[in-house]
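Residues take their numbers from the sequence shown, with the count starting at 1.
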Amino acid sequence: MKRPTAHMLLAGYAQGIFPMAHPEEDWEVYWYAPDPRAILPFDGFHVSKSLARTVRKAPYEIRHNSAFAAVMQGCAEPRDAESGTWISRGLTQAYLELHELGFAHSVEAWRDDVLVGGLYGVAIHGMFAGESMFHRATDASKVCLVHLVEHLKQRGFVLHDCQFMTPHLQRFGAVEIERAEYERRLARALDVDATF
């Protein structure tokens with residue numbers, strides 16, 4: 001499969017699976033359900049002192065959903081000459097459709113009306129699945145993440161899915177849980193009446 005539909009994405013996230021495209025296989029899309037699964041608990045979210053100072057200084061204007069396509073484009077850019085991307089054109093189109101349906105969202109950092117960082121993910125009831133982030137200015141994506149977590153807490157979300165653990169997410173307090181526990185938390189989150 002090269003291009004899932006928006007409705008396939010919704011069905012997948014509701015079952016605890018998510019897609020990634022493989023450039024080495026002509027952008028074939030595979031579905032993943034990691035075990036263990038990384039989540040970012042709201043009560044364990046950690047912000048370093050230096051990042052907290054940056055957030056307080058407010059070097060960026062934070063917007064939601066004002067440039068979703070541009071955020072996806074930023075996230076799809078390879079981080080360096082060695083790395084590729086899992087975000088294919090087909091996946092981008094599917095997430096754009098999901099955004100139009102009100103389920104995919106972006107948090108953006110702007111400076112002098114220029115997009116300098118952001119992140120995007122999928123929100124279904126009380127679950128938010130973080131997909132990817134990028135930055136073109138110091139700490140821009142980290143500031144977006146801090147704002148996202150506060151926003152999700154205020155809106156009543158109960159599960160922040162990070163999918164795979166990374167050292168970057170671990171510094172923010174991400175933890176790994178077994179697949180069965182993730183499915184229990186997901187089921188509870190899908191019963192929560194929350195909107196982004």
Chemist: Taking D161 for the side chain and Q163 for the main chain, is one N or O donor matched with an acceptor at less than 3.5 Å?
Modeler: yes
Chemist: Students often mix this up, so state it plainly: with edges at 30° and 60°, are the rings of F196 and H105 parallel, tilted or perpendicular?
Modeler: parallel
Chemist: Considering residues at least two apart in sequence or located in another chain, which fulfil the side-chain contact (heavy atoms from CB on, under 4.5 Å) criterion with E150?
Modeler: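 Here the qualifying residues are K153, Q154.
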Chemist: When rounded to the nearest 0.5 angstrom, what is the spacing between CD in E25 and CH2 in W27?
Modeler: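 So the CD of E25 and the CH2 of W27 are separated by 11.5 Å.
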Chemist: If you take all heavy atoms of G16 and R37, which pair is closest and at what distance?
Modeler: O-NH1, 2.8 Å
Chemist: Looking at Y60, does the NZ or CZ of R111 lie under 6.0 angstrom from its six-membered ring centre and within 45 degrees of the ring axis?
Modeler: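 R111 over Y60 ring: no.
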Chemist: Do you know the tightest heavy-atom contact between I124 and A14?
Modeler: CD1-N, 4.3 Å
Chemist: More than 12 heavy atoms of other residues, nucleotides or ligands under 6.0 Å from NE2 of H7: yes or no?
Modeler: no
Chemist: Other residues, nucleotides and ligands only: do more than 12 of their heavy atoms fall within 6.0 Å of CZ on R89?
Modeler: no
Chemist: Show the nearest heavy-atom pair for residues H125 and L190, with the distance to one decimal.
Modeler: CG-O, 3.4 Å
Chemist: Of all heavy-atom pairs between C162 and I39, which one has the smallest distance, and what is that distance?
Modeler: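 Answer, listing the atom of C162 first, then I39: SG-C, 3.9 Å.
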Chemist: Can you measure from CE (M127) to OH (Y182) and round to the nearest 0.5 angstrom?
Modeler: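 Reported value, rounded in 0.5 Å steps: 5.0 Å.
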Chemist: Surrounding CD of E181 (heavy atoms of other residues, nucleotides or ligands, distance under 6.0 Å), is the total greater than 12?
Modeler: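 Check passes, neighbour count above 12.
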Chemist: Measuring from atom CG of L145 to atom CG of L119, what distance do you get when rounded to the nearest 0.5 angstrom?
Modeler: 6.5 Å
Chemist: Would you confirm whether H99, through its side chain, and A104, through its main-chain N or O, come within 3.5 Å as a donor-acceptor pair?
Modeler: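 Present.
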Chemist: Is the shortest side-chain N to carboxylate O distance from D139 to K142 below 4.0 Å?
Modeler: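 Between K142 and D139 there is a salt bridge, with a charged N closer than 4.0 Å to a carboxylate O.
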Chemist: With rounding to the nearest 0.5 angstrom, report the CZ to CG distance, F42 to L159.
Modeler: 7.5 Å
Chemist: Can you tell me how the ring of F68 sits relative to the ring of Y120, calling it parallel under 30°, perpendicular over 60° and tilted otherwise?
Modeler: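 Judged by the thresholds at 30° and 60°, the geometry between F68 and Y120 is perpendicular.
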Chemist: Just by distance, do the side chain of N65 and the backbone of S106 share a donor-acceptor pair under 3.5 Å?
Modeler: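 Looks like yes, one N/O pair under 3.5 Å.
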Chemist: Is the F157 ring parallel, tilted or perpendicular to the F128 ring (thresholds 30°, 60°)?
Modeler: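 Rings of F157 and F128: perpendicular, over 60°.
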Chemist: Restricting to non-hydrogen atoms, name the atom on R136 and the atom on G74 that form the minimum distance, rounded to 0.1 Å.
Modeler: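 Taking R136 first and G74 second, the nearest heavy atoms are NH2-CA, 3.7 Å.
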Chemist: What about F172 and F45, are their ring centers closer than 6.0 Å?
Modeler: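 Here the rings of F45 and F172 have centres that are less than 6.0 Å from each other.
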Chemist: Can you tell me if E97 has over 12 outside heavy atoms packed within less than 6.0 Å of its CD?
Modeler: yes
Chemist: If I take atom CD1 from residue I177 and atom CD from residue E183, how far apart are they, to the nearest 0.5 angstrom?
Modeler: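 Output value for this atom pair is 10.0 Å.
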